[in-house]
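Atom set for the values below is all heavy atoms of this structure, side chains included, hydrogens, waters and symmetry mates excluded.
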Amino acid sequence: MSVLDSPAPRRMRSPLAHRLRIAGGVLISVIFLFPIYWMVVTSFKNQVDIFTNPPKFLFSPTLETYVEYMSRADILRKLVNTIIVATGAGVLSIVAGSMAGYALARVRIRGAATFGLIILLSRGVPPIALAVPMFLVARKLGLTDKHITLIFAYSTFLVPYVMWLMRSFFVSLPRELEESAMIDGCSRYGAFFKIIVPISLPGLLSTLIFSMILAWEELLFALVLTNRYASTMPVAIAGIAGDTVNGANWGALTAVGTITVVPVVIFALLVQKWLIRGLAEGATKG
Amino acid sequence: MGTVQIRDVRKSYGAIEVLHGVSIDIEDGEFVALVGPSGCGKSTLLRMIAGLEDITAGEILIGDRVVNNVAPKDRDIAMVFQNYALYPHKNVRENMGFALRQRRIAKAEITERVNNAARILGLEPLLERKPRQLSGGQRQRVAMGRAIVRDPNVFLFDEPLSNLDAKLRVQMRSEIKELHQRLKTTTIYVTHDQIEAMTLADRVVVMNGGVVEQEGAPLDLYDHPASLFVAAFIGSPPMNFLEGDLREGPRLALADGTVLDMPTGDPKGRSRVTIGVRPEHFTIGATGWPATVSVVEPTGSETQITARLAGQIVRVLIRGRTSVLPGETIHLSVSPDFVHFFDPAPVPELALLEDAA
């Protein structure tokens, strides 16, 4: 039974406590949303308005920075790269990770729990410790500055992530569903793809979205493993931020930052119905 | 051919053996109930027949084929689970047709067979609904529908009624029985509820601790329980038991010193015994074992009296009504035919548990 099925115990609330709670919620939202708001607003300011102190909340917006950066071929290319890499890494890790998670949840293998734990613990290694060896391996294989390299690199941390999220999702599904499917004429694979996957779609989708966001915003591996051809938006942002010759270019930084964030926000809004259901309904039995 | 033969089947999980050599022969068309307390191995055995558990030792034959290494999908069986295991993303029609689609049967035939099963079970108005839009009883019916469209060699039921409320359970019980009389498909039915087993089955197999305790027609088990366990398990309200020493007379000397006149002696000549008498086999009269009435429970057609006899609780069931009042002393007698003798042993707790359930 999921938590949602049972009505929350009703408490008598004093109007004051209720208002305080709402005020607290609003405050926290403001703290979290303000930087994004500030980034978006700054990206529409011209250079003078950006540096005005005290900051101006009313100004005449300009698309100057956007026009400049969106017309730059390298930024567009990085945006496309980011889409390719995030989608590729997300899809690869959801397929491999969910199947691994299913095996950990269901198949009786000696030491399965230990095995799963070791895979999870491997994530305790700091990424920087892996980045250089990965670069050396990629160079030996002639795979530097390729999409597939980043996709594989991201899968190394996304697959365990998906595996653990989906494992707990699958554990909450009654075993009898697959057993029934197996009696009805499916193999174990058939039962997984025809019964378990469709039922788990909300969970799979929300996990996929989180994986894609993680891949979308990743900087370190992208910085180390790619150069010109396959590098991604975070690398572009880092490049702008690190360009100290002309001083901090806040306009460019916020505009490119906004370009990076907007697709994620649009995507999240489109799938939020699934996202919330997937997170809340881990234990659904239909 | 829907025969099932279970030959000296064993099941171990690691070093722990849970089934210690079970053999049962099931005829084509027979309705067999596996009954016993939880942990007796009945569900494990059923799952082994279904192919969901490996067989550690022994053989299971469905028809004349050994199925030890046959995948569940190739055993030509259908199973109804305790939680129904309906596919939540498929509607009733798709749930019922799923197994047929897996077998690549023509669409038109699937539709016909699903409609047919839906008609038998009264599911026609619900065919387009999803499982979550159904009540418990309707889900149960869909689960049965999913089994019968298959027209399998054997039906397996794993506690199919225990998620239903008492009233619905009785109704579905008769529906299952009617269905079996109509389809005459071999059925193996696992339950912990002895009433379900008694009312449904042609033959009841009582299991306890991983072995078959006794098997036979329901009323045979009721009339001639082979062990104290079976005697205590079958029948509600449960059989009364008194342990004591048999003496000349014959008389039974109980632990507290009370001596009761016995209508008959032990045919096996034991001196230390536990005797058993079913509640409905007592008659209240002018002479007999004295007992003090503590509770009188009339249900209209019969009255259950709880009384104390030599400090022990005995239950008496009489047809019709009585003027006996709590606190009164009654005298209980029993015909020699209705006294059961067993080796003395502690009465299984489950008698009390089943009563409470």
Side-chain angles (χ1 to χ4, degrees), chain A residues 1-7 98 102-103 105-114 166 169-206 273-274 277-278 280-286, chain B residues 13-14 43 46-54 67 70-91 94-105 129-134 139 142-143 146-147 149-150 152-160 163:
Chain A
M1 276 273 156
S2 78
V3 186
L4 292 177
D5 287 345
S6 54
S98 62
Y102 178 78
R106 284 289 198 266
V107 184
R108 275 187 227 142
I109 314 168
R110 201 178 287 267
T114 323
M166 291 316 296
F169 192 93
F170 293 140
V171 163
S172 73
L173 295 174
R175 256 170 208 283
E176 287 85 352
L177 283 174
E178 297 118 275
E179 293 179 345
S180 186
M182 279 155 72
I183 288 176
D184 274 352
C186 294
S187 62
R188 173 141 326 249
Y189 278 97
F192 178 70
F193 285 110
K194 287 179 184 148
I195 303 297
I196 298 304
V197 167
I199 294 171
S200 313
L201 223 44
L204 284 169
L205 269 178
S206 55
K273 190 185 91 182
W274 294 99
R277 268 183 60 190
E281 254 181 32
T284 192
K285 294 200 173 79
Chain B
Y13 293 104
S43 280
L46 191 79
R47 293 170 55 83
M48 287 160 85
I49 299 169
L52 300 171
E53 298 277 351
D54 291 336
V67 295
V70 176
K73 66 189 175 83
D74 300 321
R75 294 191 180 197
D76 200 12
I77 47 164
M79 184 155 170
V80 176
F81 292 88
Q82 179 173 358
N83 64 4
Y84 320 136
L86 301 180
Y87 309 128
H89 59 301
K90 294 180 184 292
N91 67 23
E94 290 160 346
N95 260 286
M96 287 169 65
F98 182 72
L100 301 179
R101 279 212 353 242
Q102 292 307 303
R103 285 173 169 68
R104 309 200 189 287
I105 288 170
R129 292 213 199 157
K130 291 275 172 69
R132 65 170 175 276
Q133 298 166 305
L134 303 175
R139 288 180 199 188
V142 175
R146 207 164 60 167
V149 291
R150 295 266 311 273
N153 267 335
V154 185
F155 283 136
L156 306 175
F157 287 90
D158 189 6
E159 307 248 8
N163 282 7

> Where does B:Y87 contact chain A at under 4.5 Å (heavy atoms): side chain, backbone, both or neither?
Replying inline: both
> Side chain, backbone, both or neither: which part of B:A78 has an atom under 4.5 Å from a heavy atom of chain A?
Replying inline: backbone
>> Heavy-atom count check: over 12 atoms from other residues, nucleotides or ligands less than 6.0 Å from B:D54 CG?
In response: no
>> Taking side chain as everything from C-beta outward and backbone as N, CA, C, O, which of these in B:K130 sits under 4.5 Å from a heavy atom of chain A? Side chain, backbone, both or neither.
In response: neither
> Got a donor-acceptor contact below 3.5 angstrom from the A:S180 side chain to the A:L177 backbone?
Replying inline: no
> Picking from A:P198, A:G190, A:A181, which has the most non-hydrogen pairs under 4.5 angstrom with chain B?
Replying inline: A:A181
> Can you find a heavy atom in the side chain of A:R188 that is under 4.5 Å from one in the side chain of A:Y102?
Replying inline: yes
>> Treating B:N95 as the side-chain partner and B:K90 as the backbone partner, does any N or O pair qualify as donor plus acceptor under 3.5 Å?
In response: yes
> With a 4.5 Å heavy-atom cut-off, do B:F98 and B:E94 have their side chains touching?
Replying inline: no
> Where on B:R101 is there a heavy atom nearer than 4.5 Å to chain A: the side chain, the backbone, both, or neither?
Replying inline: neither
>> Please classify the contact of B:I77 with chain A as side chain, backbone, both or neither, using a heavy-atom distance under 4.5 Å.
In response: both
> Does atom OH of B:Y13 have more than 12 heavy-atom neighbours, drawn from other residues, nucleotides or ligands, at distances under 6.0 Å?
Replying inline: yes
> Tell me, side chain or backbone of B:R75 under 4.5 Å from chain A's heavy atoms, or both, or neither?
Replying inline: neither
